[in-house]
S.K.: 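To start, I am sharing the structure in question, which I have written as structure tokens.
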Amino acid sequence: MENYRPRTILSAAITLDGKLATRIGDSKLSSKIDKIRVHKLRSKVDAILVGKRTVEIDDPLLSVRRIKTKNPVRVILDSRGTINTNCRILRTCSKIPTIIAVSKKAGKKDLERLKEFPVTVIVCGKDKVDIKKLLRILKEKKIKNLLIEGGGITNWSFLEENLIDEAIITISPYLLGGSDAPTLVDGNGFSTIAKSTKLKLKNITKMKNEIVLHYKIKQVSPFQSRQPSL
Ligand SMILES: NC(=O)c1ccc[n+]([C@@H]2O[C@H](COP(=O)([O-])OP(=O)(O)OC[C@H]3O[C@@H](n4cnc5c(N)ncnc54)[C@H](OP(=O)(O)O)[C@@H]3O)[C@@H](O)[C@H]2O)c1
């Protein structure tokens, strides 16, 4: 069966206690070596996706640095189309292809504002972005491999719908605590372990003071067949 969606890889650096950032959004967890690994991983995919709050808090570029190659497409989940005009994603969108995925909640004014930028706006979903529909559209746009780079709310949206194929997670040597600090997967979460996402450990890489865990997701959605990994 032809896959209707790109192959998805969940990518993040987390602390030993599972946090993506501190409660005030300090997320600089990766070492230099790990950053190089992430840039290599980015260079192998067709697109990178993040949620709107990650853009607001981290102001990332989501580009490939340290390696000479073309940048993957950047995809932002932004239901209302209110992404900050001054963020680095919009400031660099004439150089790096960028998709802003909005829902029908996006107002006329914000859609008009986005038209002033060389970005592709995809409208899908009623309240929040319908990620199943979005993945179908991305596949039609020849995006075969998609890196999901968080944050916790976005990661949950994908896991909830069984839309993750692999997870490559760095465990950074920090303990942050804080019940308001974002974790690898937030949202409602599964009610039982039986319903949770099951993983199979494929590889462990030990770097100086951190480890990188590479998991494959065990269950396969009925809509797709498994694709070979990177
Ligand atoms: N350590 C790491 O590797 C790493 C990586 C990434 C992020 N982070 C950290 O994570 C934190 C942000 O994460 P977060 O969980 O608060 O937010 P997030 O996942 O970055 O963004 C969530 C937002 O995306 C929008 N969205 C639209 N459609 C959605 C959909 N279908 N599913 C999910 N979200 C959708 C929603 O905002 P609208 O309703 O406005 O559209 C939602 O509130 C930051 O502190 C950042 O530093 C860390």
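Note that ligands are numbered from 1 as they come in the structure, with each ligand's atoms numbered from 1 the same way. The figures that follow rest on heavy atoms only: side chains count, while hydrogens, waters and symmetry mates do not. Starting from 1, each residue takes its place in the sequence as its number.
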S.K.: Pairs of nitrogen or oxygen atoms closer than 3.5 Å, one from D186 and one from ligand 1: do any exist?
M.R.: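 Not met; the criterion fails.
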S.K.: Looking only at heavy atoms, is any part of L77 under 4.0 Å from ligand 1, and if so is it the side chain, the backbone, or both, or is it neither?
M.R.: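 Under 4.0 Å from ligand 1, L77 contributes backbone and side-chain atoms.
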S.K.: Taking distance alone, with no angle check, do I153 and ligand 1 share an N/O pair under 3.5 Å?
M.R.: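 N/O-N/O distance under 3.5 Å: yes.
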S.K.: Nearest non-hydrogen atom to atom 18 (P) of ligand 1 belongs to which of G151, G125, C124, A13?
M.R.: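 The option holding the nearest heavy atom is G151.
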S.K.: Can you name the atoms of ligand 1, numbered from 1 with element, that are less than 4.0 Å from a heavy atom of T154?
M.R.: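 With T154 as reference, the close atoms of ligand 1 come out as 18 (P), 19 (O), 21 (O), 22 (C), 33 (C), 34 (N).
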S.K.: In terms of side-chain heavy atoms, does R37 have a donor or acceptor partner in T205 at a distance below 3.5 Å?
M.R.: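 There is no such pair between these side chains.
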S.K.: Could you tell me whether atom 36 (C) of ligand 1 has at least one protein heavy atom nearer than 4.0 Å?
M.R.: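 Given the 4.0 Å limit, the answer for atom 36 (C) of ligand 1 is no, no protein heavy atom qualifies.
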S.K.: Would you say L20 and ligand 1 have an N/O pair spaced under 3.5 Å apart?
M.R.: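 Yes, L20 has an N/O under 3.5 Å of an N/O on ligand 1.
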S.K.: Please say whether S79 places an N or O atom under 3.5 Å from an N or O atom belonging to ligand 1.
M.R.: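 Yes; the residue has a nitrogen or oxygen that sits under 3.5 Å from a nitrogen or oxygen of the ligand.
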S.K.: Please determine if S11 has a nitrogen or oxygen closer than 3.5 Å to a nitrogen or oxygen of ligand 1.
M.R.: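 No - when backbone and side-chain N and O of S11 are compared with those of ligand 1, no distance drops under 3.5 Å.
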S.K.: Would you mind listing which atoms of ligand 1 come within a distance below 4.0 Å of any non-hydrogen atom of I131?
M.R.: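 Counting atoms of ligand 1 from 1, those under 4.0 Å from I131 are 31 (N).
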S.K.: Shared ILVMFWY cluster between L175 and L29, side chains joined below 4.5 angstrom?
M.R.: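 L175 does not cluster with L29.
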S.K.: Can you list the atoms of ligand 1 that are under 4.0 Å from a heavy atom of R80?
M.R.: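 Result: 40 (O).
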S.K.: Would you tell me which option among L184, T54, D78 has the nearest heavy-atom contact to atom 12 (C) of ligand 1?
M.R.: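 Looking at heavy atoms only, T54 sits closest to atom 12 (C) of ligand 1.
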S.K.: Counting only heavy atoms, which portion of A21 has something under 4.0 Å from ligand 1: side chain, backbone, both, or neither?
M.R.: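 Under 4.0 Å from ligand 1, A21 contributes side-chain atoms alone.
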